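Before any comments, here is the structure.
Nothing here was measured: the structure is a model prediction, and the numbers come from that model.
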Amino acid sequence: MHSATALLDRLCRPQRIGILGHRGVGKTTLLTMLYREAVGGRLPHLRLAAGDAATANYLADKILQLEAGQVLPATLAETELRFQLYHHGTRIEILLRDYQGEHVQVGSQEGIRSFLRDCDAILVCLDPVLLTDPAQALHAQQEVEQVIEDYLALEPLGGQNRPMALVLTKADLLPPPPRDDSPTEWLRTQVETRLGMTLHALRQHFPHNDLFAVSSLGSATQREKLHPDHLEEPLHWLVRVLQLQDEERLDLLFKEAPGELALLHKAVACFVHRYPQALMTTIFQRRLRERRAQRRRRRLFAGLAAGTLAFLGLWAHDRLGQQRLEQFEREHEDPAARRVQWQEFQRWHPTRFWLTSLTPHQEGDQLRRLDEEVREQRALARLVELRRLASAPEADVEEVWAQFLQFHKEYPQYPLNGDEERLRNTVRKRRDEAVARRAQIAYEALLATEQHLSGDNPLVRRKRLELLVTQADSFLREFPGLPQESAVRTQREKFLERIDELDFEGAQSYSSANPLNFQTRRERYLTYLEQHPQGAHVQQAAEALAAIERDWDRHDFRPVYDLWKEKPSDLKELTARCQHYLLVHRNGRYYQHALELLHWAEQICSEREYKVVLKQGSFDKGIARWLSRGPDLSVEIEVGGVKYGPSQVIGNNYTPEWNYEFPRPVRWKLGDPVIIRVSDHDYWKKVVVEINSGEDPLGMNLLSTSVTSGANSLVFESDFRMPTLPALD
């Protein structure tokens, strides 16, 4: 028989429907058309929705192929499909698998056989050609028989038999029945004649069986339009038989697990969710309520009986415990033992006030009396022990004194008579003498350690000074108020001053020996300030830190400055050096200059336009032609192969003033050569001076300043600017 857990699992999981059929029988086409027709509302009272995106995508491709008149290709891979089947108020979650037809051949051990073996219902798809071909019919029936035997091997006879139906696909290929015969009876007769072995097995082992003939695509003469026929019959049958099967399973679950209400509640909830409008839903809910009521009544009766027995047992237990306690108090005088017995009575008899004559007030009074007796007993024992220790020469005086103080702290109300007062004075005197001896020894040890401070190693001296400070602190903590206290405090201040001096000298020495280790020099002075916030050299340390910051800032900016002076066109290296400086010196003196250099380097890397003005010139008198009163000069510039100008001609003048702004802005980018040509227009035009930027990538600078060629010079102005850096001292 089924276990309750297995029945619950089958009842609540998605219904697994097996489609059994060989290659070409039309399994994929049948599934696709069932989905297409049910979703489109063409199957009365039925709706079949895709349960996930993978199923919808898989069937959408198949539908498009069929509507285009194409034949679906053979299925090659096993595909899991999920659906939601709706019929009136019923909602059934269905799980199927589309697979390669050869996997169900006789003798095959493919994975689909495990799925079919575990299905809740099976549709056996057979081709109508089997009605006319005995050999193929026999082979197909053997495949069906194999699946039936797989199931029967797991499901014993008389168990919950799953539904199984024969579905003749491609019914449009069947010959028409005789006129006098009913189509249904004629079809059943043909199937019994040709497929009798399968029909006999179904009738023998599967009470919920049926026979259907469907056409997924319709008549061959109407293939341009899809006309499926009788597709609703298998779905109606599935809804009906699956509900009957679930009713049988739930009824069996009530019989096999009548007391497992949590399991029954879950099973009924699954059934109600799946068949909310079914008649059996109300019946099963009522049966569940009855089972719950029965369990509540049983628990109530059991609780009453257990409560009565518990009450009687507690009464007897508490009464016996009280009698034993009273007997123990009569037989024992030791208050500590009686107090322990009371504690045991309290722990093992929490209901003593309910079932005995004892009251909380009586118990509290008795326990307070016992506590006082125990306390008095312990005080006397402690005092006897203190007397013994005070008279023992080998006893630790400090320990005896500490115990004496602790005794009076715990028992302040204990009166001191003459013996106890003498004991106290004796212990105090011995303790004070011992403390004075230890203080003198500690003071002498401090002086002895100070004698070993001489030496040339500053680290060793500092370690010993720290040890001396620790010794002094220990002395002041252990021996307050003794005559040596003042001297020790004075010595301690001297030790701290010497440590302060050593730490500052160490920072100075390191800074002098490592002038370029700015970070570690800075850390040395910061460590001094952290350890000596009130030290004698705080001001000097702060000044040293400021000097280190200035030197460090200047040192890191010098590579930028030197590269700018020597090779300003090396923008890659210039940018790297500026970025390094900016990263390390966010508050540096040259921070804005480095930022200006970075901005300038970024600008000149792209082509830009510049306004250029030719101001004036000065020329050697040797440039004039013979028999002329002076040169007639104009200026033309060429930038990146593009000519600008010429300027106006200034006649007969060796120091012309043009003040000429080139009307077209000069376009220049880094690396473009710049050529300046001066022409004399006496008699004919002749270039008398040519100035070329040559290999200088910053040729545009020629048009922003005064340029010379021998004894000749020109003055230009432009909005091209070279950054100006401050001089490094």
Side-chain angles (χ1 to χ4, degrees), residues 16-43 46-85 94-105 108 110-113 115-116 119 122-131 133 136 139-140 143-144 147 165-174 212-235 238:
R16 299 189 178 189
I17 308 300
I19 306 293
L20 176 64
H22 202 274
R23 177 187 291 276
V25 77
K27 299 186 299 298
T28 305
T29 303
L30 176 61
L31 289 173
T32 303
M33 292 305 297
L34 282 172
Y35 174 70
R36 175 181 180 270
E37 296 302 297
V39 169
R42 289 181 287 274
L43 300 182
L46 290 169
R47 179 171 174 267
L48 188 65
D52 54 26
T55 301
N57 293 333
Y58 180 80
L59 294 176
D61 294 339
K62 307 296 183 186
I63 290 173
L64 292 176
Q65 294 178 41
L66 291 175
E67 290 180 344
Q70 301 175 11
V71 177
L72 294 183
T75 302
L76 299 178
E78 187 173 311
T79 304
E80 186 172 271
L81 303 175
R82 292 180 178 272
F83 296 96
Q84 301 290 346
L85 177 58
I94 290 179
L95 177 66
L96 301 100
R97 287 190 183 177
D98 197 8
Y99 58 92
Q100 186 175 347
E102 284 80 356
H103 289 176
V104 296
Q105 288 181 347
S108 173
E110 298 294 338
I112 191 61
R113 288 190 58 184
F115 178 80
L116 293 173
C119 281
I122 292 182
L123 297 177
V124 180
C125 295
L126 300 176
D127 198 311
V129 72
L130 301 179
L131 300 179
D133 190 332
Q136 291 189 34
H139 186 73
E143 293 175 349
V144 177
V147 174
L166 261 61
V167 180
L168 288 180
T169 59
K170 308 176 186 178
D172 54 286
L173 301 181
L174 289 170
F212 304 103
V214 302
S215 175
S216 299
L217 302 179
S219 174
T221 60
Q222 299 175 341
R223 285 297 167 82
E224 293 185 0
K225 278 193 173 183
L226 300 176
H227 291 281
D229 193 19
H230 299 297
L231 291 185
E232 71 280 2
E233 295 178 0
L235 290 182
L238 272 178

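Among all heavy-atom pairs drawn from Leu116 and Ile19, the shortest one is CD2-N, 4.2 Å. Shown here for Leu235 and Leu46, the closest heavy-atom pair between the two residues is CB-CD1, 3.6 Å. Taking both residues in full, the closest heavy atoms of Arg36 and Arg42 are given as O-NH2, 3.3 Å, listed atom of the first, atom of the second, then distance. Of all heavy-atom pairs spanning Ile17 and Leu238, the tightest one is CD1-CD2, 4.0 Å. Pairing each heavy atom of Leu126 with each of Val25, the nearest pair is C-CG2, 3.6 Å.
With sequence neighbours excluded, the residues forming a salt bridge (Lys or Arg N to Asp or Glu O under 4.0 Å) with Asp127 are Lys170, listed by chain and number. Partners of Tyr58 according to the side-chain hydrogen bond (donor to acceptor under 3.5 Å, both in side chains) rule, which considers only residues two or more places apart in sequence or in another chain, are Asp98. Residues passing the side chain to side chain contact (heavy atoms under 4.5 Å, CB included) test with Ala165, sequence neighbours excluded: Leu123, Asp210, Phe212, Trp237. Residues satisfying the side chain to side chain contact (heavy atoms under 4.5 Å, CB included) criterion with Pro228, sequence neighbours excluded, are Met33, Glu37, Leu226, Leu231. Annotation: salt bridge (Lys or Arg N to Asp or Glu O under 4.0 Å) contacts of Glu80 (sequence neighbours excluded): Arg82, Arg97. For Gln65, the side-chain hydrogen bond (donor to acceptor under 3.5 Å, both in side chains) criterion is met by no residue, not counting sequence neighbours. Contacts of Asp229 classified as side chain to side chain contact (heavy atoms under 4.5 Å, CB included), with partners at least two apart in sequence or in another chain: Ser215.
A salt bridge (charged side-chain N to carboxylate O under 4.0 Å, His left out) check over residues 17-28, counting only residues at least two apart or in different chains, returns the pairs Arg23-Glu102. Evaluation of the salt bridge (charged side-chain N to carboxylate O under 4.0 Å, His left out) test over residues 47-63, restricted to residues two or more places apart or in two chains, returns none.
A donor atom on one side chain and an acceptor atom on the other are found under 3.5 Å apart for Thr75 and Thr28.
In this structure, the separation between CG on Leu30 and CG on Leu217 is 10.0 Å, given to the nearest 0.5 Å. Between atom CG of residue Leu59 and atom OG1 of residue Thr79 there is a gap of 9.5 Å, rounded to the nearest 0.5 Å. Put simply, CG on Leu43 and CD on Glu233 are 10.5 Å apart, with the number rounded to the nearest 0.5 Å. Distance CG/Leu72 to OG1/Thr29: 4.0 Å, rounded to 0.5 Å.
Side-chain atoms of Thr169 do not come within 3.5 Å of backbone N or O of Cys125 as any donor-acceptor pair.
Below 30°, between 30° and 60°, or above 60°: for Tyr35 and Phe83 the angle between ring planes is between 30° and 60°, a tilted geometry.
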